[in-house]
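Have a look at the structure below, then the notes.
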Amino acid sequence: MSDPRKPFPFSEFEPAWQARWEAEKTFRTPGPGDADFDPAKPKYYVLDMFPYPSGAGLHVGHPEGYTATDIIGRYKRMRGFNVLHPMGYDSFGLPAEQYAIKTGQHPAITTAANITNFRRQLKALGFAYDWDRELATTDPQYVRWTQWIFLQLYGSYYCEVDGKAKPVGELEAQRWSREQVDGVRLAYVADTPVWWSPDLGTVLANEEVEEWKSKGHTVERRPLRQWMLRITKYAQRLIDELDTLDWPEGIKLLQKNWIGRSEGSIVSFKIVDFTSAIEVFTTRPDTLFGSTYVVMAPEHPFVAQITTSEQQSKVEVYQKACASKSDMDRGDLNKDKSGVFTGAFAINPVNDHLLPIWIADYVMMSYGTGAIMAVPAHDERDFEFAQRFELPIVQVVERLGATPTILENAGATPTLLAFCEPGVAVNSGFLDGLTTAAAKATMIDWLESNDFGRRRIQYKLRDWLFSRQRYWGEPFPIVWIDGHHQAIPESELPLLAPPLDDYKPSGTPEPLLSKAREWVELPDGFLRETNTMPQWAGSCWYYLRYCDPSNVGRFISHEAEAYWTGQNGTSGPPVSSAVGMVDLYVGGTEHAVLHLLYARFWHKVLFDLGHVTTPEPFQKLVNQGLILGEDGQKMSKSRGNVVNPDDVVSEYGADALRLYEMFMGPLEQVKPWIMQGVEGVSRFLARVWRVALELDPDGAWQVSNKIVDIACADKDLRRVVHETIRKVGDDIEKLSFNTAISQMMICTNAFTQATVVPRAEFTQFLTALNPFAPHLTEEIHRRLGGTTMLSETAWPIYDPAALVRHEVELIIQVNGKLRERLLIAKDADEATATAAALACAKVREHTDGKSIRKIVYIQGKLLNIVA
RNA sequence: GCCGCCGUGGCGGAAUGGUAGACGCUGCGGAUUUAAAAUCCGUUGACUUCACGGUCGUGGGGGUUCGAGUCCCCCCGGCGGUACCA
């Protein structure tokens, strides 16, 4: 007996089909080494960004991307691909630990519970994941390989000659000292100013600071000894190899800007009364003649040496003020320039002018050399600073084609703004008359030949701060002895964190693991490293592990890696130009410069070391658009506009949720949730159901007698079905799911209106709908007597002949305006069509009295008469 | 400020340079029903006309074209990212 309130009994058949798929492992993906693996089958790897299993469970944003990949995956399977479509959990990390602290439970317990809940929710949506490949970054066997990859980074350096990572063993063989080797490792220890959050009890990467600040945590700058990863060595490759990827241009640009390549030069300034010189980085060496002062970052190591005794106290006060300033103060309220004169003077190498050396917090220690040459006439910041402190402004670049004006001393010049565009050099000795580009090159040559500087490419990207002081992360597989670090043997992996009773932040930067003294203190004076890795570690390589999730001997077998990158060459389509392993990766934009940059970096290191065979992880990337609440605002608990997928599933069913998520609009677009839209697609599914089934007097669903086993005589109906097969297939390939669904609605309306529905055509339609609404279509198919699963059926082939129309509606325009529609033979020639058009009264109304100047005829579509 | 994305009916959105508004939602009308829900059929951009029809219409202004939502130039508005990177 069916629930009469439900338009179709989804609450009965959806769980039943899910159970069957699970029991039969319908969506298990055979891989190299499996008995049923067929290496001749082409592979397709479609990946979701795995969720971090929060206590709140799935929200409707998750199934948006997950449904899209599920449709693609199911479709590709039906097209004969061996589809890898896995799911897992990014279960380490700060949010998990914060949640555990809040609930007073161990993070292992809350994480396990959250994963259980996520798994239940995912399964209730009928996704065709290969659950045998499920993983969590907290699994000891996963941790083992995360740590192993860290040891690869630790054990290698970047060879500038070959432009790639190599084992440090090569250096040791060349009798490099321990210190020298440690100085070039891709994973290294450094005392650097880092972002420290007292209330989170950890340091944060540059990339993470904003996120946590926005959640209300405080962040401050502190010098601490930390593990760093030398991602900056890969800056250029990370930029260049973006070109080989099929990613949205916006995301590529975001990464390029984040890496921030600048071309310029280092200029060396001698300091009056000192032997040492200070170096600055500039992108405008052509303006060197216009430099009127030099600015160093307040924390620059030279400041103390060069400061004169008269200025010493002022300088120290300023330095202190800057050190205690949090980033927020510096960013928002303090655009006003501040600074202090050190009393020292630098010598401008091109004209021997004496330039006062200032310190100011608008110069960052962490970029370039931590010092700049100020050219106030041609840099907005320098200009502002010069005005504030009444420093001279000397113009050395002029707008191209401007009437020459020579500005002797700009102290009195009413220059209102700095001129920062390229132009022509003036007031610049041997550069005068050169364009900015030529002047740059000339100046760099001059600097190099006179030993005052050199060409330099500078990146904004900083090395990746890789250690955290928290508990819920992978411990470093490192021990210390006599102040030196060394790797633990691979045989000791995984190295798991010791149990701790209390993992609340202590407020000091001492890592939590240091409290576990028995774990830390090893025989013979060895001490374990007590920092842990950031959450990003696990997500940097999970896509590799899915290919070979239970391998105990390697993080991924060579065979699995070769097959799933399509590099095995023995099978499938010809090896494509793809450089990325994953064919399609779908997820949110928020990872543009974090996860997606880190994962590329790790992958390149593994590639350099010969552990993987492609230089990139993700060939094609698609960002799903954010789903907003019904009020058009971002969903949030405080606004009360959050939609819970569980509620939608119980009210309308999983298929309706899936359909709605796809029908809302283009995948990549930001769009609001509208419950009435869910009802709309639910009604559509009910219509499909009722084409095949009707209620008998007892309230049971019976096969409708409209369904008949005859050849389709209705040409129009057949055309719609084949048009649907064609369009749905094309649209899935284009990820244009909303229009695919529209077409299936049109097809369903045709079935509804038909008095006779041939079983064969209806089954073809159900097959096309299957990737979108797998439960409903399987259930209808079964009730119609189907013995196989639609999921295991080949994608239907449309018959081009069925699409042909012999007569078409020809659009008749006069001067580009629609005046008439004519039913005419599809292949009518221009003369026939023109004659037919001119025979129409409505057309003549607009052409009478005018001479026809031109006829534009698009056969089968349109005729435009220009009169 | 800079960078990116986006502006189409009451709403979500369709439209290889060729019928603007497919499909869905909402509203309205009808059928069915004792009645309602559900379902089915029709209708639903604005203005105008008794009607046939006509005029206008894709944020605004120009341009290219036989023809522009679509291509080019300028401007306006919204959303997101980023911010002293020399």
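Owing to the predicted nature of the structure, the values given are computational and were not obtained by experimental measurement. Proteins come first, then strands; the chains are lettered A, B, ... in the order of their sequence lines, and each starts at number 1.
Of the two residues near RNA chain B, A:Tyr459 and A:Leu818, the one whose nearest nucleotide lies more 5' is A:Leu818. Nearest-nucleotide positions on RNA chain B for A:Lys817 and A:Lys671 put A:Lys671 closer to the 5' end.
Rounded to an integer number of Å, the gap from CG of A:Leu659 to C1' of B:rG12 is 15 Å. We find that CD1 of A:Ile251 is positioned 11 Å from P of B:rC5, with the value rounded to whole Å. Look at CG on A:Leu253: it is 16 Å from P on B:rG81, rounded to the nearest Å. With rounding to whole Å, A:Asn623 atom CG is found 13 Å from B:rC6 atom P. Protein atom CG of A:Asn257 is 19 Å distant from nucleotide atom P of B:rG80, rounded to whole Å. Computed from coordinates, the A:Met373 CE to B:rC84 P distance equals 21 Å when rounded to whole Å. Distance CD1 (A:Ile457) to P (B:rA86): 13 Å, rounded to an integer number of Å. Rounded to an integer number of Å, the gap from CZ of A:Phe737 to C1' of B:rG12 is 18 Å.
Distance alone, capped at 3.5 Å, places no donor-acceptor pair between the A:Asp382 side chain and the A:Ala377 backbone. A donor-acceptor pair is defined here as one N or O able to donate and one able to accept, closer than 3.5 Å; such a pair exists between the side chain of A:Tyr318 and the backbone of A:Asp361. The backbone N or O of A:Arg284 sits less than 3.5 Å from a side-chain atom of A:Thr287, completing a donor-acceptor pair. The main-chain N or O of A:Arg690 is never found under 3.5 Å from a side-chain atom of A:Lys706 such that the two would form a donor-acceptor pair.
Side-chain atoms of A:Arg261 and A:Gln236 include a donor-acceptor pair closer than 3.5 Å. Side-chain contact of A:Gln458 with A:Ser262: a donor-acceptor pair under 3.5 Å is absent, judged by distance alone.
If you check every strand for non-hydrogen atoms under 4.0 Å, A:Val670 touches sugar and phosphate atoms only. Nucleic acid contact for A:Asn738: sugar-phosphate only, since backbone atoms but no base atoms lie under 4.0 Å from a heavy atom of the residue. When heavy atoms are screened at a 4.0 angstrom cut-off, A:Ile811 is found touching base atoms of the nucleic acid. Among the protein residues, A:Ser262 comes within range of the sugar-phosphate backbone only, with heavy atoms under 4.0 Å from sugar or phosphate atoms but none that close to a base. Nucleic acid contact class of A:Arg261 (heavy atoms, under 4.0 Å, all strands): none. Within 4.0 Å (heavy atoms only), A:Gln753 reaches sugar-phosphate atoms of the nucleic acid but no base atom.
Applying side chain to side chain contact (heavy atoms under 4.5 Å, CB included) to A:Met744 and the options A:Asp731, A:Val728, A:Leu659 leaves one that passes, A:Val728. The only member of A:Phe8, A:Phe10, A:Trp689 that meets ring pair (Phe, Tyr, Trp, His ring centres under 6.0 Å) when paired with A:Trp701 is A:Trp689.
In a base pair of the Watson-Crick type (N1 to N3 plus N6-O4 or O6-N4) or a G-U wobble (N1-O2 and O6-N3), with each distance short of 3.5 Å, B:rC84 is matched with no nucleotide. In this structure, B:rC47 forms a base pair with B:rG54, meeting either the Watson-Crick or the G-U wobble geometry with both donor-acceptor distances under 3.5 Å. Of all nucleotides present, only B:rC66 satisfies the Watson-Crick or G-U wobble test against B:rG18, with each distance under 3.5 Å. In this structure B:rC79 sits in a base pair with B:rG4, meeting the Watson-Crick or G-U test at under 3.5 Å. Across all strands shown, B:rC23 forms a Watson-Crick or G-U wobble pair, both distances under 3.5 Å, with B:rG12. Nucleotide B:rU33 is matched to nothing when pairs are restricted to Watson-Crick or G-U wobble geometry with both distances under 3.5 angstrom.
One finds no side-chain N or O of A:Lys727 lying less than 4.0 angstrom from the OP1 or OP2 phosphate oxygen of B:rA22. A close approach under 4.0 Å does occur between a side-chain nitrogen or oxygen of A:Gln669 and OP1 or OP2 of B:rG13.
Taking the side chain of A:Tyr362 as heavy atoms from C-beta on, and the options B:rG4, B:rC84, B:rG81, the nearest nucleotide is B:rC84. Taking only side-chain atoms of A:Thr283, from C-beta outward, the nucleotide of B:rG53, B:rA86, B:rU55 with the closest atom is B:rA86. In this structure, the nucleotide among B:rA14, B:rA20, B:rC84 sitting nearest to the side chain of A:Met364 is B:rC84.
Note on ring orientation: taking the six-membered ring where Trp is involved, the planes of A:Tyr362 and A:Phe385 are tilted (angle from 30° to 60°).
The C1' atoms of B:rA14 and B:rU58 are separated by 12 Å, rounded to the nearest whole Å. For B:rG18 and B:rC25, the C1' atoms lie 30 Å apart once the distance is rounded to whole Å. Rounded to whole Å, the C1' atom of B:rG29 lies 23 Å from the corresponding atom of B:rA22. Here the separation of B:rG42 from B:rU32, taken at their C1' atoms, is 15 Å to the nearest Å. Nucleotides B:rC76 and B:rG60, compared at atom P, are 15 Å apart to the nearest Å. Spacing between B:rG57 and B:rG63 at atom P, rounded to whole Å, works out to 15 Å. When the P atom is used for both B:rG62 and B:rG13, the distance is 29 Å, rounded to whole Å.
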Practice prompt. Take A:Thr232 and A:Asp463 through the test side chain to side chain donor-acceptor pair (under 3.5 Å) and record every step on the way to the result.
Written response: CA-CA 5 Å; A:Thr232 50; A:Asp463 274 342; 2.6 Å; yes
Worksheet entry | Derivation and outcome, side chain to side chain donor-acceptor pair (under 3.5 Å), residues A:Ser366 and A:Arg462 | CA-CA 8 Å; A:Ser366 51; A:Arg462 313 287 151 84; 2.7 Å; yes
Item to complete: Starting from the C-alpha separation in whole Å, work towards a yes-or-no answer on side chain to side chain donor-acceptor pair (under 3.5 Å) for A:Thr739 and A:Ser736.
Response: CA-CA 6 Å; A:Thr739 51; A:Ser736 183; 2.7 Å; yes
Distances under 3.5 Å between protein N/O atoms and the N/O atoms of nucleotides 23-25 of chain B, please, pair by pair.
unit_1: B:rG24; atom_1: OP1; unit_2: A:Asn749; atom_2: ND2; d: 3.2
unit_1: B:rC25; atom_1: OP1; unit_2: A:Arg683; atom_2: NH1; d: 3.4
unit_1: B:rC25; atom_1: O2'; unit_2: A:Gln676; atom_2: OE1; d: 3.3

If you restrict it to nitrogen or oxygen atoms, what contacts under 3.5 Å exist between nucleotides 63-68 of chain B and the protein, and what is each distance?
unit_1: B:rC66; atom_1: O2; unit_2: A:Asn864; atom_2: ND2; d: 2.5

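B:rG30 adopts an anti glycosidic conformation, its chi angle falling more than 90° from 0.
Ring to ring, A:Phe751 and A:Phe765 are close: their centroids are under 6.0 angstrom apart.
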